[in-house]
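Remember, predicted model here, so these are calculated numbers, not experimental data.
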Amino acid sequence: LLHSSKKTYSYNELQMVQNKTLFGLLLVLLLNALGILCILRYIRSDVSPRSRVLVPPVSHAFDITHPSHVLVFLHIQKTGGSFLEGYLVNNIVNYTCPGEKVFLKSQSKFVSRHHKCFKPDSEQNWIFTRRTVGGPCGVHVDYSTLGPCARSYLGLGDWNIFFITLLRNPVDRFLSEFLHVKRGANWPVYEIGCSGGTNFPRKRIPPKCGFFGKNNSRLTLEEFMSCDDNPAINRMTHMLAGYGTIQCKYNTLMNQMGKDTVILLTAKRHLKEFEFFGIMELLVESAKLFENTFSVKFEEYPVSRQTKREKVELTPKQLTRIESVNHLDVKLYNW
């Protein structure tokens, strides 16, 4: 018999504990190996519809005059997307889009909506945004929802819609969303549609963090960062990858590191396939890139915008913490 200060163990009992420990270690190794295999399988097989087509149509580059080509704007929260929407519909030479003022009760102000961005000799919009079509897909939906919804709404194939988006420094974006929630505002979270279909927008589900939907005037940055289910965390990466990526694929076989790897790889893959993306911190350079990409000219270039985030002073500890919880967005933005 072997003794301890609290209990006496027999040899057989110790052997049983050892066997259970070895079994547990083997199980962990097996699950990790399966996770790696799933990642490799995902990387090799989960390609976009475009990359599966070996012989594309005559032209697969966006042409603003083409009767069935449409730009689809993926609007990621607090990246300057509302500014970009307004800029695009009002500043392209020969393609400015007349709109009308609509009063939004939620914001207690008039906003510009229902812009008619029609192509020459057509009533087809050349851009799919809230400014032109409203919100048939929901508010701020991710890539995996926006793609099928836009195709269904427009009645177009994969080769006829072209994604664009705007990115922002992850720390600034996260702080801007924190201030947004602190003011009592938030965005809906939608259920994941793993089975596909054309039922858009998806059903709304309540956010899991307790501070949503309340008077948050006393909400602290530490509280905002501490909720693991806060959708603001790594928002850009998740929106680009699509929230269904992990929930609908290999969810039970991956540890968190494996999930993060797949999310980041998928976000990069999708971003590579975008026809255009800009950077909020480089608005003029992004505008010039847009001109060169789509062979258009802007009436004037955008000017740098001051945001509420610029008034927030961070301690070194807070900055490190924000970068840590948003590590996927930081890696994506640096990439």
### Message
Quick check: do Gln77 and Met239 have side-chain heavy atoms less than 4.5 Å from each other?
### Response
yes
### Side-chain donor/acceptor of His69 to backbone N/O of Asp63, under 3.5 Å
yes
### Message
Keeping Thr145 on the side-chain end and Val141 on the backbone end, is there a donor-acceptor pair under 3.5 Å?
### Response
no
### Query
Given Phe163, which of Phe276, Phe277, Phe274 fulfils the ring pair (Phe, Tyr, Trp, His ring centres under 6.0 Å) condition?
Phe274
### Query
side chain to side chain contact (heavy atoms under 4.5 Å, CB included) between Met225 and Phe174: does it pass, once the steps are laid out?
CA-CA 9 Å; Met225 289 188 290; Phe174 186 77; 3.6 Å; yes
### Query
Looking only at atom types and distance, does a side-chain atom of Ser152 sit under 3.5 Å from a main-chain N or O of Pro148, one as donor and one as acceptor?
no
### Message
Between Lys119 and Thr65, is there a side-chain heavy-atom distance shorter than 4.5 Å?
### Response
no
## Note on the structure
Closest non-hydrogen contact found for Asp229 with Cys209 is C-SG, 3.6 Å
### Query
Any link between Trp335 and Leu74 through a network of hydrophobic side chains (Ile, Leu, Val, Met, Phe, Trp, Tyr) touching at under 4.5 Å?
yes
### Message
One pair to check against salt bridge (Lys or Arg N to Asp or Glu O under 4.0 Å): Glu177 and Arg173. What are the steps and the verdict?
### Response
CA-CA 6 Å; Glu177 185 160 348; Arg173 197 217 65 81; 2.7 Å; yes
### Rounded distance [0.5 Å steps], NE2 in His75 versus CG in Leu166
8.5 Å
### Flag side-chain contact, heavy atom, 4.5 Å: His327 against Asn234
yes
### Query
Within the side chain of Arg321, is there an N or O that forms a donor-acceptor pair under 3.5 Å with the backbone of Lys317?
no
### Summary
Distance col, row Asn169:CG vs Ser176:OG, nearest 0.5 angstrom, shows 11.5 Å
### Query
Should we count CG of Asn334 as having more than 12 external heavy atoms under 6.0 Å?
yes
### Task
To the nearest 0.5 Å, tell me how far Glu299 CD sits from Asn91 CG.
5.5 Å
### Message
Check for me, please, whether Tyr143 and Leu154 land in the same ILVMFWY cluster - side-chain distances under 4.5 Å, paths through other members count.
### Response
yes
### Query
Can Val330 be reached from Leu271 by stepping across I, L, V, M, F, W or Y side chains whose heavy atoms are under 4.5 Å apart?
no
### Task
Give a yes or no answer on whether the side chain of Glu223 reaches the backbone of Thr220 with a donor-acceptor pair at less than 3.5 Å.
yes
### Task
Answer yes or no: is there a donor N or O on one side and an acceptor on the other, between the side chain of Ser286 and the main chain of Leu282, under 3.5 Å?
yes
### Task
Fit a plane to each ring of Phe294 and Phe62, take the angle between them on a 0 to 90° scale, and name the class: parallel (under 30°), tilted (30 to 60°) or perpendicular (over 60°).
perpendicular
### Message
Can you confirm if the NZ or CZ of Lys288 lies within 45° of the ring axis of Tyr301 and under 6.0 Å from the centre of its six-membered ring?
### Response
yes
### Query
Quick one: does Thr320's side chain have a donor or acceptor within less than 3.5 Å of a partner on Pro316's backbone?
yes
### Message
Using 0.5 Å steps for rounding, measure from the CG atom of Leu88 to the SG atom of Cys117.
### Response
8.5 Å
### Message
With rounding to the nearest 0.5 angstrom, report the CD to CD distance, Gln318 to Glu313.
### Response
10.5 Å
### Query
Among the clusters formed by ILVMFWY side chains lying less than 4.5 Å apart, do Ile64 and Phe162 turn up in the same one?
yes
### Task
Evaluate the criterion side chain to side chain contact (heavy atoms under 4.5 Å, CB included) for residue pair Leu167 and Ile76; output intermediate values, then yes/no.
CA-CA 8 Å; Leu167 304 179; Ile76 303 173; 4.0 Å; yes
### Query
Among Val325, Ile322, Asn216, Val181, whose side-chain contact (heavy atoms from CB on, under 4.5 Å) with Phe224 holds?
Val181
### Geometric class of the Phe298/Phe290 ring pair [parallel <30°, tilted 30-60°, perpendicular >60°]
tilted
#### Entry: Nearest heavy atoms of Ala287 and Tyr87, plus distance in Å
CB-OH, 4.0 Å
### Query
So do the side chains of Leu332 and Leu240 get within less than 4.5 Å of each other, counting heavy atoms only?
yes
### Query
If you round to the nearest 0.5 Å, how far is CG of Asp142 from CZ of Arg235?
10.0 Å
### Query
How close do Ala241 and Ile263 get, heavy atom to heavy atom, and via which atoms?
CB-O, 3.5 Å
### Message
For a quick check under 3.5 Å, do Arg130 and Ser82 share a side-chain donor-acceptor pair by atom type?
### Response
yes
#### Entry: N/O donor-acceptor pair under 3.5 Å between His66 side chain and Ser68 backbone
yes
### Query
Mind checking whether Phe178 and Lys78 have side chains closer than 4.5 Å, heavy atoms only?
no
#### Entry: Smallest separation among heavy atoms of Met280 and Leu283, with atom names
O-CG, 3.2 Å
### Query
Is there a side-chain contact between His238 and Leu328 (heavy atoms, below 4.5 Å)?
yes
### Query
Is there side-chain contact between Val70 and Trp126, with heavy atoms separated by less than 4.5 Å?
no
#### Entry: Nearest non-hydrogen partners of Tyr95 and Cys97, listed with the distance
O-SG, 3.4 Å
### Message
Quick one, Leu221 and Leu175 - any side-chain contact, counting heavy atoms below 4.5 Å?
### Response
yes
### Task
Kindly give the heavy-atom pair with the smallest separation between Ile161 and Gly147, and that separation in Å.
CD1-O, 4.1 Å
### Message
Set out, in order, the CA-CA distance, both residues' side-chain angles and the distance that settles side chain to side chain contact (heavy atoms under 4.5 Å, CB included) for Thr165 and Leu84, then state yes or no.
### Response
CA-CA 9 Å; Thr165 194; Leu84 179 63; over 6 Å; no
### Task
Please report the C-alpha distance between Asn90 and Thr96 in whole Å, then the side-chain angles of each, then the deciding distance to 0.1 Å, and finally whether the side chain to side chain donor-acceptor pair (under 3.5 Å) criterion is met.
CA-CA 5 Å; Asn90 291 314; Thr96 54; over 6 Å; no
### Query
Would Thr237 and Thr266 satisfy side chain to side chain contact (heavy atoms under 4.5 Å, CB included), going step by step from the backbone distance to the final call?
CA-CA 9 Å; Thr237 307; Thr266 306; over 6 Å; no
### Message
Checking side-chain polar atoms at under 3.5 Å, does Thr132 have a donor or acceptor matched by the opposite partner on Asn125?
### Response
no
### Task
For Asp329 and Met236, indicate whether the former's side chain and the latter's backbone hold a donor-acceptor pair under 3.5 Å.
yes
### Task
State whether the side chain of Lys331 and the backbone N or O of Leu264 hold a donor-acceptor pair below 3.5 Å, judged by distance alone.
no
